[in-house]
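Right, one structure below, let's go through it.
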Amino acid sequence: MLDKIKLNIISNRKLCKNENLEKQIEKIFSAYERKIILKNFDIIALTLREKDLNKNEYLKLIEKVYPICQKYKINLILHQNYDLNLDEKYDIEGIHLSYSIFKSLNENIKAELIKKYKRIGVSIHSLDEAKEVENLGASYIVAGHIFETDCKKGLEPRGLKFVEDLSSILTIPIFAIGGIDEKNSQSVIDSGAFSVCMMSSLMRY
């Protein structure tokens, strides 16, 4: 029996019916709990990606999504908004930043974030970027895109070799993203990824 594959779900309300993200998250988590979907997976986090929202809109969305994550005991990871004025009641697992934002942070802000969040993930698109963010204190990297995906139309995927190469130079966990589904996930893990990320297939489920 193979170990369950660790899964980080990436949100995108634009792909949900009526753009109702909280309803879609509830639907996914409920089906997962009842073992209707993702039977070979262990959902370790939901990353609240919603890049186009302003800070107030993003905070309102956290208010709606956080209780659902709590109900199903799924960790919530925030995206990009590192300077949110979060209420004490929220126990947020981590924050995911782009390579450029992470690089631009001064040491004081970075130290505060490390204190505030358990994990800081950073998106990377090359081996050099990966090694650099590891040296700068990232807890994990998100590497992509691995397979062809509608989100990155016309861009050449980096393939499993990219995951293999990253796993040979890094000590921090690799979260792989891009065109990953239930069928090809195991090959990504076998190539050295700690976890896979899925967005489109689940947001449309």
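Fair warning: this is a prediction, and the values are worked out from it, not measured in the lab. Position 1 is the first residue of the sequence, and the numbers go up from there.
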*asked:* Walk me through whether C16 and Y205 qualify under side-chain contact (heavy atoms from CB on, under 4.5 Å).
replied: CA-CA 8 Å; C16 303; Y205 164 68; over 6 Å; no
Does [X] reach the side chain of [Y], with side-chain heavy atoms less than 4.5 Å apart?
X	Y	result
M198	F41	yes
P157	T149	no
K55	D83	yes
I62	L84	yes
H96	V142	yes
I172	I141	yes
L15	R204	yes
I28	M203	yes

Exceeds 12 heavy-atom contacts within 6.0 angstrom, atom [atom1] of [X]:
X	atom1	answer
K17	NZ	no
K116	NZ	yes
E148	CD	no
K23	NZ	no

Are [X] and [Y] within salt-bridge range, i.e. N to O under 4.0 Å?
X	Y	value
D91	K118	yes
E107	K110	yes
E19	K14	no
K103	E132	yes

*Could you check I174 against Y140 for side-chain contact (heavy atoms from CB on, under 4.5 Å), going step by step and ending with a plain yes or no?*
CA-CA 6 Å; I174 299 159; Y140 66 93; over 6 Å; no
*Do we get K71 above F29's six-membered ring, with its NZ or CZ under 6.0 Å from the centre and within 45° of the axis?*
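Not flagged: K71 not positioned over aromatic ring of F29.
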*Dump the intermediate steps for side-chain contact (heavy atoms from CB on, under 4.5 Å) on Y72 and I43, then the final yes or no.*
CA-CA 10 Å; Y72 291 98; I43 300 176; over 6 Å; no
*State, to 0.1 Å, how close P173 and S139 come at their nearest heavy-atom pair, and which atoms those are.*
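For P173 versus S139, the nearest heavy atoms are CD-O, 3.2 Å.
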*asked:* Using every non-hydrogen atom in the two residues, find where Q186 and I5 come nearest and quote the distance to one decimal.
replied: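 Between these two residues, the closest heavy atoms are OE1-CD1, 3.4 Å.
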What's the spacing between [X] [atom1] and [Y] [atom2] if we round to 0.5 Å?
X	Y	atom1	atom2	value
L160	I146	CG	CD1	7.0 Å
S126	D165	OG	CG	11.5 Å
N8	C197	CG	SG	4.5 Å
I124	S98	CD1	OG	12.5 Å
I95	L78	CD1	CG	5.5 Å
I10	I180	CD1	CD1	10.0 Å

*With distance as the sole test, does N108 use its side chain to make a donor-acceptor pair with the main-chain N or O of N106 at under 3.5 Å?*
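Checked: no pair found.
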*Does the ring pair (Phe, Tyr, Trp, His ring centres under 6.0 Å) test come out yes or no for F175 and F194, once each step is laid out?*
CA-CA 6 Å; F175 285 61; F194 169 78; 5.6 Å; yes
_L127 vs F162, test: side-chain contact (heavy atoms from CB on, under 4.5 Å). Steps then yes/no._
CA-CA 8 Å; L127 299 179; F162 187 48; 4.1 Å; yes
*Hey, quick one: are Y99 and L155 part of the same hydrophobic cluster, counting side-chain heavy atoms closer than 4.5 Å, chains of contacts allowed?*
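Different hydrophobic clusters.
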_Partner of Y66 under side chain to side chain contact (heavy atoms under 4.5 Å, CB included), chosen from D87, L61, L76_ =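 Testing each of D87, L61, L76 against Y66, the sole residue satisfying side chain to side chain contact (heavy atoms under 4.5 Å, CB included) is L76.
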_Qualifying residue, where the test is side chain to side chain contact (heavy atoms under 4.5 Å, CB included) with Y32 and the options are I9, D42, L7_ =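 When side chain to side chain contact (heavy atoms under 4.5 Å, CB included) is applied between Y32 and each of I9, D42, L7, only D42 qualifies.
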_So, using salt bridge (charged side-chain N to carboxylate O under 4.0 Å, His left out) as the criterion, who are the partners of K115 when residues are at least two apart?_
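Result, salt bridge (charged side-chain N to carboxylate O under 4.0 Å, His left out) vs K115: none returned.
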